[in-house]
Amino acid sequence: MARPTPLQAFSGVPKGTAQNDDAPTTGEKMTGAQALVRALEDLGVKDVFGIPGGAILPVYDAIKDDTKFRFVLTRHEQAAGHAAEGYAVATGRCGVCIVTSGPAATNLVTAIADANMDSIPMIAITGQVGVNAIGTDAFQEADTVGITYPVTKHSYLVTRAQDVPRVVAEAYYIATTGRPGPVVIDLSKTAQTGEMYYTWPQRLMLPGYAPTTKAHGRVLENAAKLFSQSFRPVLYVGGGAMRSHASKQVKELAEVTGAPVVTTLNARGIIPDSDPHMLGMLGMHGTIAATGAVQRCDLLVAIGARFDDRVTGKLAAFAPTARVIHIDIDPAEIGKNRAVDVPIVGDVATVLDDLIPAIRESQAQNGTHDLKPWWDALTKLRTEYPTSYDRPEDQPTDGTLSPQWVVSQLSKAADPNTIWVSGVGQHQMWASQLIDFEKPNSWISSGGSGTMGYGLPAALGAMVGSQRDFDGKHPVWLVDGDGSFQMTSEELAAATLDGTPLKIAILNNSVYGMVRQWQTLFFNQHYSATILHDGEPDADETPGKSGYVNIPDFVKLAEAYGCLGLRATTKEEALAAIKTANETNDRTVLIDFRVWQDAMVWPMVPAGASNDSVAYRQGIHPLDNSEAAAKATLSPEGF
């Protein structure tokens, strides 16, 4: 028997229900498009992002002035998805975006994949051609469910109006429970224009979907036992802990066990950077103390983390002396990359609420170990190899600004309630390293996919969330690179017209910085296709010229979109621009910081190399001074 195609496998029609079954005749009569809008309202959705188009026009026609959710018109479908992501991370709610069929849906795929990698709850609603036209290569037809099938938590093709409320309710439940993720609803025009009878609430039809939230069996006792046997424990905390809102529990676990905390990129801020247990981010560009702690620990407690390659480096050499406790709501992650001694399937916050008392009971019976020697070793690493940029090789040689200095000044001057967003590249790593994160959900960045262009639309979504939850009093700072920013710069229009004032710092080095760094280290300084010419010093010294090639001129670009544009080429100009941005709250402010293009992100572990070979600076390997480690930084293995 032939296997069903993705479209058949994920049809919105309940199994065993024929297309021509008699529909219910109770409830309020309306179209499927109106039912979609009503269902979103009944679910409590407050904000939606998107762009209209032919195959989704009935839904947009159903969005009226009295609709209970705010609609934000973006300028690109990918941006609508990223805005929904930023909104979801900033608020903890489900992001929602609505676009049309064909190219609009395919534009949205990047954001869907990004949300899937970072476990972000999102409903992506796409238009689809009428049922009779499906499979005929109709205008703006694409197999959206088939295309997105590998990068979604679940997908639906809806062909009947009567199924719309149930599918929307199921999609919302699936997106926000268990391991969060994106759910696609591909809504045929037939379903949008067809008539149905609306009732709420809906009965969910999800046989087999029952996420485990509470730990079962003796695993908590076994985990507590491993803690009692450990002299060098480490809590390795990932984005799953943030999605579970487990900041309080992680902090308490660190205090009860005395264990240091290291985080992935997406977990920055899970506990305050000022907490003495926090060693910072580990992995490819993590702190020496964090990476060293994991490499030397005897107990590694993975909490909502998935042993990503940017964290582990060479997997076989990752935490080689450690026994492993792995806590994750997704059973597929446990044992996927690293063998586990104590697997715990469940919601992170719920599991830790149960695990901490078990550890306390074990400590009462067996006592605790003296972790002072462990902390002495970690403190030495933290003291001798701090996150800094004051070495001679870190200083600009061309009169431009140090990008690390700019990020540090942004952090020092910012409101404590600031929500930080980044694009992807060197600036992303500097922001994660140098900004002081004191609160959870104050950092929004593309981790798993590393999507350039993510920053501006995600910041837009975060600001909509700030306005919704905090009356806009939690400002949003976007730290972006000139390359990443240009991929979605059109969303300055949405920021201006929808009244979502942002503060934008462009670290303009006129190159694709992270790629250039790899070209410098591994490809003999062959800078192929990485020079952007958008802030490059101009050799022409004609009087009256600015001294720079500006294509585009980011200040003029900002002004063209109704924003305040500023440029900073000196420290004095930079400090003044930052002050102006922090004092301006009625419109978006963009600052073009001219920074050194040869600045490097340190520390660094080459892709595919062991974390023991981490370089604090070129030629300095605090965890392994062997000849093999020195050679590791000169090898592009795994790029």
Side-chain angles (χ1 to χ4, degrees), residues 388-390 394-423 426-428 430-431 433-437 442 455-456 459 463 466 472-482 484-486 489 492 495-496 500-510 513 534-538 543-597 599:
S388 65
Y389 50 92
D390 55 1
D394 297 326
Q395 306 310 308
T397 58
D398 59 356
T400 56
L401 295 166
S402 159
Q404 299 98 317
W405 177 86
V406 172
V407 173
S408 295
Q409 297 307 310
L410 290 169
S411 180
K412 289 177 183 178
D415 185 303
N417 293 314
T418 295
I419 299 170
W420 296 93
V421 185
S422 82
Q426 286 182 313
H427 62 277
Q428 177 188 31
W430 287 319
Q433 291 175 341
L434 297 168
I435 291 172
D436 293 323
F437 296 103
S442 61
L456 180 55
M463 191 62 207
S466 174
K473 293 180 180 177
H474 286 200
V476 176
W477 261 107
L478 167 62
V479 180
D480 216 340
D482 49 320
S484 187
F485 181 80
Q486 288 184 72
S489 62
L492 286 175
T496 296
T500 54
L502 306 172
K503 306 177 193 304
I504 303 171
I506 297 180
L507 303 187
N508 183 358
N509 57 10
S510 191
D534 56 18
E536 188 179 43
D538 188 354
K545 293 200 68 173
S546 67
Y548 290 95
V549 176
N550 294 307
I551 303 173
D553 185 322
F554 288 111
V555 172
K556 291 181 179 178
L557 182 68
E559 293 170 348
Y561 281 111
C563 308
L564 174 60
L566 303 170
R567 180 171 291 120
T569 60
T570 67
K571 288 186 175 181
E572 292 74 19
E573 290 175 349
L575 294 174
I578 293 170
K579 184 174 185 295
T580 298
N582 283 327
E583 293 174 349
T584 303
N585 297 303
D586 60 344
R587 57 176 167 159
T588 292
V589 181
L590 182 153
I591 309 174
D592 177 13
F593 293 99
R594 294 299 168 83
V595 301
W596 189 33
Q597 63 181 209

Between [X] and [Y], what is the shortest heavy-atom contact and its length?
X      : Y      : answer
Ala581 : Val589 : CB-CG1, 3.8 Å
Thr496 : Cys563 : OG1-SG, 3.5 Å
Lys473 : Ser466 : N-OG, 4.0 Å
Phe554 : Arg567 : N-NH2, 4.2 Å
Ala558 : Gly565 : CB-CA, 3.9 Å
Asn585 : Pro501 : O-CG, 3.4 Å

Inset, instruction - Please report the C-alpha distance between Gln486 and Leu456 in whole Å, then the side-chain angles of each, then the deciding distance to 0.1 Å, and finally whether the side chain to side chain contact (heavy atoms under 4.5 Å, CB included) criterion is met. - result: CA-CA 10 Å; Gln486 288 184 72; Leu456 180 55; over 6 Å; no

Between [X] (side chain) and [Y] (backbone), is there a donor-acceptor pair under 3.5 Å?
X      : Y      : value
Gln404 : Asp394 : no
Gln395 : Tyr389 : yes
Ser422 : Val479 : no

Legend entry - salt bridge (Lys or Arg N to Asp or Glu O under 4.0 Å): pairs with one or both residues in residues 579-590, sequence neighbours excluded: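 For residues 579-590: Lys579-Glu583.
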
Would you indicate whether the side-chain heavy atoms of [Y] and [X] approach each other to under 4.5 Å?
X      : Y      : answer
Thr588 : Tyr561 : no
Leu401 : Lys571 : yes
Asn509 : Pro403 : no
Ser484 : His427 : yes

Within this structure, what is the [atom1]-[atom2] distance for the pair [X] and [Y], rounded to the nearest 0.5 Å?
X      : Y      : atom1 : atom2 : value
Lys503 : Thr418 : NZ    : OG1   : 8.5 Å
Glu573 : Asp592 : CD    : CG    : 11.0 Å
Asp534 : Asn508 : CG    : CG    : 4.5 Å
Leu564 : Ile591 : CG    : CD1   : 8.5 Å
Gln433 : Ser411 : CD    : OG    : 13.0 Å
Leu590 : Leu566 : CG    : CG    : 8.0 Å

Inset, instruction - Start with the C-alpha gap between Leu410 and Trp420, add the side-chain angles, then the distance that decides, and say whether side chain to side chain contact (heavy atoms under 4.5 Å, CB included) holds. - result: CA-CA 10 Å; Leu410 290 169; Trp420 296 93; 4.1 Å; yes

Legend entry - Side-chain donor-acceptor pair present, Asp415, Trp477, cut-off under 3.5 Å: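 Result is no, nothing qualifies.
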
Inset, instruction - Assess whether side chain to side chain contact (heavy atoms under 4.5 Å, CB included) is satisfied between Leu478 and Leu502, documenting all intermediate values. - result: CA-CA 7 Å; Leu478 167 62; Leu502 306 172; 5.8 Å; no

Legend entry - By side chain to side chain donor-acceptor pair (under 3.5 Å) - contacts of Asn417 (at least two apart):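 Side chain to side chain donor-acceptor pair (under 3.5 Å) check on Asn417 returns Lys439.
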
Legend entry - side chain to side chain contact (heavy atoms under 4.5 Å, CB included) between Val407 and Ile435, intermediate numbers included: CA-CA 7 Å; Val407 173; Ile435 291 172; 3.9 Å; yes

